[in-house]
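Some notes on the structure that comes next.
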2 protein chains.
Amino acid sequence: MTWTTKEVATLTGLTPRTLRHYDAIGLVCPSRAENDYRVYTQPNIERLQDVMFYRELGFSLHEIASILDDPDYNKLDALLKLRLALTERKQHINTILQTLNQTIQAHQQGVTMESKDMFNGFDASLHEEETQHTWGHTSAYKESSRRTQKYTPEDWQKIQQEHATLYDAFNTLKQNNTPPDDPRATRLALQHRELISNYFYTCTPEIHQGLALIYVQDERFQKNINTHGEELATYISQAITHLYQQTSK
Amino acid sequence: MTWTTKEVATLTGLTPRTLRHYDAIGLVCPSRAENDYRVYTQPNIERLQDVMFYRELGFSLHEIASILDDPDYNKLDALLKLRLALTERKQHINTILQTLNQTIQAHQQGVTMESKDMFNGFDASLHEEETQHTWGHTSAYKESSRRTQKYTPEDWQKIQQEHATLYDAFNTLKQNNTPPDDPRATRLALQHRELISNYFYTCTPEIHQGLALIYVQDERFQKNINTHGEELATYISQAITHLYQQTSK
DNA sequence: TATGAGGGGTGACGTGGCGTCAGGCTCAAG
DNA sequence: CTTGAGCCTGACGCCACGTCACCCCTCATA
């Protein structure tokens, strides 16, 4: 089965011009018929779908190209990440909706809002860092995707479970009012590093400390971790930080 | 309370450049201090918030300007519409997520999807129609935004005044119990059409009759017009309608 | 056999929403 | 009195296309 430009256009909702543009910049390049007409095949269509997923998330065409053309590109992995990012995007809209609701209320009551509350959810810079963290082309990322490519759904389950177990262990300490710089917490922090190293990428001290920061700065991580206990992300972050304050002494 | 450019930038997450751009195109125009520095006041901030809500929904800056500068603009009403549109947008993302999930499943099972199912939720044309329906009517709307782009604040004042004068004239007739099919009312209806044609878009009889409908159907218009006289919107609407019943005879 | 509509193609220029300088003024702090 | 941070105004650059001009091909209908 093959398609002409117009057919693909109606199929995707894009314009023929857009399709020719994507061809011109090497993003989606159909083969050609004898009369030089573009001929889209199944792989072209699938790639086009990928492109549109990423475009929905606001990636530039250049970025999309480098993601899709990455030698370490793994489709399933990418799709899962996309799903995550899209649900995040939904969350983002929810935040804006909250702000909007507050604004409506304030307006109905004739009250003026505090200006700092008027722009919750709009700030994109934090979100950009997240995406950088998710898709960024650091070596850690590449190593991670190389490894995660091979994981089966059962592997993922196991990984999730090990994470959960560790988080619960942290939470037990926290519930017993064990301070984050307690040796037991430090041991767990070490286990945490090994867990990452085992399943994702070599977790150097720098990266580990980076994670500690992300865990408290990034709502996404925070919420996820905090499902295992209140304020748990902060606690874990402190434990990790202490691990390196200790060793540096 | 006032703000400098940088402060607004950090407050909103926009860049100073963007703020200066919005000023340049007349979208959000702060006043100036003696040293020519931009000074953002509370109204500026509120307008900026409006702009960002609409931008989130993908409106162009020109469209946003013509929405916010609409003489019949009603903030509360607009906020409610925004809320609707944002929840719609969430639904839109859900559709894409469904498509994504199907794609993931197909990929995991090694099946190829039906190509027509691969782009569900992407097609923007339907969504555009919705938006068109909610915020603006077709070519007349576009012409209007083309023209209104060039208007200065003084122009707007003049336009508002001419509208007000006309509405008051209608109201005088109504107060004197002049029926809407009286020649004097018909004359005012003609003036109304010319006023629209002059400042916004070529007001054909069809469009004018459309306006007559909108004036009684759309709360927003009704409320605005009725500030010039009780039930005035209905009266004007009737006068317009009669203008064409007459000429068609 | 002409013809006209509807598809295809390649330049090339226009546009919107900024980013990114360059060059110069202002102002508080040291 | 310098210095650095922040402000200003042009002016150019860039991306993702829209739009237009001009030409080719094909197929149904006159």
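Labels below follow one simple rule: chain letters A, B, ... track the order of the sequence lines, proteins then strands, and each chain is numbered from 1.
For R17(B), the listed nucleotide lying nearest its side chain is dT20(C); candidates were dG18(D), dG16(C), dT20(C). When distances run from any side-chain atom of N35(B) to the nucleotides dG7(C), dG9(C), dT26(C), the shortest one goes to dT26(C). Candidate nucleotides dT9(D), dC7(D), dT10(C) were compared by shortest atom distance to the side chain of T4(B), and dC7(D) ranks first. Closest to the side chain of S60(A), from the set dG8(C), dA16(D), dG6(D), is dA16(D). Taking only side-chain atoms of K6(A), from C-beta outward, the nucleotide of dG7(C), dC17(D), dC18(C) with the closest atom is dG7(C).
The nearest whole Å value for the distance from the CG atom in L14(B) to the P atom in dG17(C) is 14 Å. At whole-Å resolution of the value, CG in D23(A) and C1' in dG9(C) are 11 Å apart. Atom CG in L19(A) sits about 10 Å away from atom P in dC17(D), given to the nearest Å. One atom, CG of D36(A), and another, P of dC24(D), lie 14 Å apart when rounded to the nearest Å. With rounding to whole Å, H21(B) atom NE2 is found 15 Å from dT9(D) atom C1'. Rounded to an integer number of Å, the gap from CG of L27(A) to C1' of dC15(D) is 13 Å. For the pair I25(B) CD1 and dT15(C) P, the computed distance is 15 Å after rounding to whole Å. Protein atom NE2 of H62(B) is 6 Å distant from nucleotide atom P of dG17(C), rounded to whole Å.
Within the 4.0 Å cut-off from OP1 or OP2 of dC17(D), not a single side-chain nitrogen or oxygen of T15(A) is found.
Nucleic acid contact for R38(B): sugar-phosphate only, since backbone atoms but no base atoms lie under 4.0 Å from a heavy atom of the residue.
The shortest side-chain heavy-atom distance between Y54(A) and L68(A) falls under the 4.5 Å cut-off. Considering only heavy atoms from C-beta on, T12(B) stays 4.5 Å or farther from M118(A) through its side chain. In this structure, the side chains of H107(B) and M113(B) stay at 4.5 Å or more apart for every pair of heavy atoms.
A donor and an acceptor atom, one from each side chain of T103(B) and Q49(A), are located under 3.5 Å apart.
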Q: Just do the side-chain hydrogen bond (donor to acceptor under 3.5 Å, both in side chains) check on T15(B) and T18(B) with the steps written out, would you?
A: CA-CA 5 Å; T15(B) 71; T18(B) 303; 2.9 Å; yes
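Along DNA chain D, the nucleotide nearest to R32(B) and the one nearest to Y22(A) differ in position, and the one closer to the 5' end is contacted by R32(B). Nearer to the 5' terminus of DNA chain C, by closest-nucleotide assignment, is the contact made by T18(B) (compared with the other of Y37(B) and T18(B)).
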